[in-house]
2 protein chains.
Amino acid sequence: MSKARTSTPRERYRAQVRAEIKEHAWEQIATAGASALSLNAIAKRMGMSGPALYRYFDGRDELITELIRDAYRSQADTFRTAAGAGAGLAGLAHALRAWALDDPQRYFLIHGTPVPGYHAPDDITEIAAETMAVIVDACAALPPSDGAGGAFDAHLDTHRQWAGDRAADSAVLHRALSFWSRLHGVLSLELAGQFTGMGFDPALLFEAELKDLLGP
Amino acid sequence: MSKARTSTPRERYRAQVRAEIKEHAWEQIATAGASALSLNAIAKRMGMSGPALYRYFDGRDELITELIRDAYRSQADTFRTAAGAGAGLAGLAHALRAWALDDPQRYFLIHGTPVPGYHAPDDITEIAAETMAVIVDACAALPPSDGAGGAFDAHLDTHRQWAGDRAADSAVLHRALSFWSRLHGVLSLELAGQFTGMGFDPALLFEAELKDLLGP
DNA sequence: CATGGCGGTGAGAAGCTATCACGAACATTA
DNA sequence: TAATGTTCGTGATAGCTTCTCACCGCCATG
């Protein structure tokens, strides 16, 4: 146990360079989108020549995958800290919107147009499932909605393995899915700028959707 | 007025080649996404060499813009024909879903991740506004929802220039926006494959969202 | 029939990803 | 301390991309 240090100077340097590369990558993505990410441009901006980056990332795809992983982790963290601070479903919604507005391209990186051939590694889908679990729990803490469930609720009774072994009612799962899809709907349209020029305040539409989601 | 013919053989040839280029472009987009669209590959597949395509399109951007225009037109047409056939809001929703599933990448081309620098030409936004008008009209034909409007309805009372001079109630405009954002939410998540592996049927979630949208 | 415009080509510049062989600096071991 | 091995960075190179240019040939119109 003489080797108490958990990282050699080299490892620290390597981690620091990797982080700096990702920083430049995020900057580039925020201003020009993920499709315009250029390893060459990053290298030049860091003062080193092209192929050097391949010591730190296997290639463009691996770098983007790493960014996607970080984005998912960031989203999961915001949800967890919000839930940890006692936020309910409304709190989660506001945390999500703030997180999305903070860096729209980061939101689109994980919720935007998928690349047909791409398959995310398993650890990423695990993080996504974790995020969904937080939402489901917040939905379970809500007063149950009155009225009989529809056809979809019945369907969810027999198709709920995605919720794990959580003993949540079908209506709760349904509400979680609605939460996800509805907020994603308004958010993605707002971030894509589809509302610009229409004149109204997207925040109020978001609020209205949220209220309707919690209301009935 | 001796020139009654509206197109010379050359113009017809030109139009036909342009159409063939777009055909190949769509094929390529459907299988690899818009970011992977390659003029060179299209030219090769058409049996001619690279720069020849520049006789028909100013460049990659102009080709993509043209595809976006066609996508918007196609969407507007589906909405118009559905509305013309007497379809109500539910009919429009089903037409939209069928149109989206028919070519997911076409859907993402106009509703997916935006490219930060890109601004669509005015005629495209006009087509989009036309589409929105069809939705608003379908919403106006619905029985009015009971209950007082919320804060967003009041906001829409003074921020409704996007609806043109249509004498629609604020609740109608609100419903149109909800229609758009909610269906886009479920649809984009489904098309992006975010539901695959979860086990449930996305069509039923779509139906549930639609029912809730029409219901109250 | 001659002239001009249009379509297509090959060459080439500039950018990108990615691989390779090499040298230099570092860390580790003998 | 000296030798060895690993890691980092570089330039060269291949192959792809978009896009421009000069040239050539055909078709259509005057």
Side-chain angles (χ1 to χ4, degrees), chain A residues 2-29 31-68 115-118, chain B residues 1-25 27-29 31-68 115-118:
Chain A
S2 64
K3 293 201 173 187
R5 72 172 185 290
T6 178
S7 74
T8 67
R10 253 196 159 136
E11 281 169 345
R12 263 177 294 155
Y13 175 75
R14 184 178 177 77
Q16 203 259 347
V17 173
R18 270 180 73 104
E20 193 176 342
I21 292 174
K22 292 203 276 185
E23 199 121 335
H24 281 91
W26 276 121
E27 197 176 318
Q28 210 168 315
I29 284 182
T31 64
S35 62
L37 189 144
S38 157
L39 294 191
N40 240 325
I42 293 176
K44 232 167 243 172
R45 216 162 287 177
M46 286 182 63
M48 53 186 183
S49 228
L53 288 202
Y54 288 81
R55 298 281 176 197
Y56 299 94
F57 291 96
D58 261 6
R60 212 185 96 111
D61 284 8
E62 214 224 54
L63 173 56
I64 289 188
T65 297
E66 185 67 24
L67 296 178
I68 291 176
V115 180
Y118 182 80
Chain B
M1 286 284 178
S2 63
K3 293 200 173 188
R5 71 172 184 292
T6 179
S7 74
T8 67
R10 262 209 152 123
E11 281 170 344
R12 264 177 292 155
Y13 175 76
R14 185 178 177 78
Q16 202 259 346
V17 173
R18 269 180 75 104
E20 192 176 343
I21 291 174
K22 292 203 277 185
E23 199 121 335
H24 282 92
E27 197 176 319
Q28 210 169 313
I29 284 182
T31 64
S35 61
L37 189 144
S38 158
L39 293 191
N40 240 324
I42 292 176
K44 231 168 243 174
R45 216 162 287 177
M46 286 181 64
M48 53 186 185
S49 229
L53 289 203
Y54 287 81
R55 299 282 178 199
Y56 300 94
F57 292 96
D58 261 7
R60 211 185 97 112
D61 284 7
E62 214 224 54
L63 174 56
I64 289 188
T65 297
E66 185 67 23
L67 297 177
I68 290 176
V115 180
Y118 182 80

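Convention: sequence-line order gives letters A, B, ...; per-chain numbering from 1.
- Residue-environment remark: CD (A:Glu11) exceeds the threshold of 12 foreign heavy atoms within 6.0 Å.
- The CZ atom of B:Phe57 sits 15 Å away from the C1' atom of C:dG7 (whole-angstrom rounding).
- OP1 or OP2 of C:dT17 has at least one side-chain nitrogen or oxygen of A:Asn40 nearer than 4.0 Å.
- Of the side-chain N and O atoms in A:Tyr13, one or more sit less than 4.0 angstrom from OP1 or OP2 of D:dG9.
- Axis angle between the ends of the helix from C:dC1-D:dG30 to C:dA30-D:dT1, five pairs each and rounded to 10 degrees, works out to 10°.
- The main-chain N or O of A:Arg55 is found under 3.5 Å from a side-chain atom of A:Arg14 such that the two form a donor-acceptor pair.
- Checked by atom type, the side-chain pair A:Thr8/A:Tyr13 shows no donor-acceptor distance below 3.5 Å.
- Rounded to a whole Å, the CZ atom of A:Arg18 is 15 Å from the C1' atom of D:dT7.
- Listed nucleotides: C:dC20, D:dG9, C:dT17. Nearest to the side chain of A:Arg55: D:dG9.
- Atom CG of B:Leu39 is separated from atom P of C:dG8 by 15 Å (rounded to the nearest Å).
- Heavy atoms of A:Tyr56 sit under 4.0 angstrom from primed sugar atoms or phosphate atoms, though from no base atom.
- Distances from the side chain of B:Pro51 to the nucleotides C:dT17, D:dT20, C:dG8 place D:dT20 closest.
- A donor-acceptor pair is defined here as one N or O able to donate and one able to accept, closer than 3.5 Å; such a pair exists between the side chain of B:Arg60 and the backbone of B:Leu37.
- Atom-to-atom, CZ of B:Arg12 to P of D:dC27 comes out at 15 Å; the value is rounded to the nearest Å.
- In this structure, the separation between OH on B:Tyr118 and CD1 on B:Ile64 is 8.5 Å, given to the nearest 0.5 Å.
- Atom CG in B:Leu53 sits about 12 Å away from atom P in D:dT17, given to the nearest Å.
- At whole-Å resolution of the value, CZ in B:Arg60 and C1' in D:dT17 are 9 Å apart.
- B:Ile42 has its CD1 atom 15 Å from the P atom of C:dG8, to the nearest Å.
- For B:Ser49 and C:dG10, the shortest distance from a side-chain N or O to OP1 or OP2 is below 4.0 Å.
- Two residues, A:Lys44 and B:Gly47, neighbour DNA chain C, and the one matched to the more 5' nucleotide by heavy-atom proximity is B:Gly47.
- For B:Asp58 and A:Ala52, each mapped to the nucleotide of DNA chain D holding its nearest heavy atom, the one lying further toward the 5' end belongs to A:Ala52.
- Interatomic distance, CD of A:Glu20 versus CD of A:Gln16, reported as 5.5 Å (0.5 Å rounding).
- Across all strands, B:Leu63 comes closer than 4.0 Å to no nucleic acid atom at all (heavy-atom distances).
- Put simply, A:Ser38 has no side-chain N or O that comes within less than 4.0 Å of OP1 or OP2 on C:dG15.
- You'll find that the side chain of A:Arg10 is closest to C:dA27, out of C:dA27, D:dG11, C:dT9.
- The CZ atom of B:Arg18 sits 8.5 Å away from the CG atom of B:Leu63 when rounded to the nearest 0.5 Å.
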Verify side chain to side chain contact (heavy atoms under 4.5 Å, CB included) between B:Glu62 and B:Tyr56, making sure each step is shown before the conclusion. CA-CA 10 Å; B:Glu62 214 224 54; B:Tyr56 300 94; over 6 Å; no
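- In this structure, the OH atom of A:Tyr54 is 5 Å from the C1' atom of C:dA18, given to the nearest Å.
- For B:Met48, the side-chain atoms get nearest to C:dT9 when compared with the rest of C:dT9, C:dG7, D:dT17.
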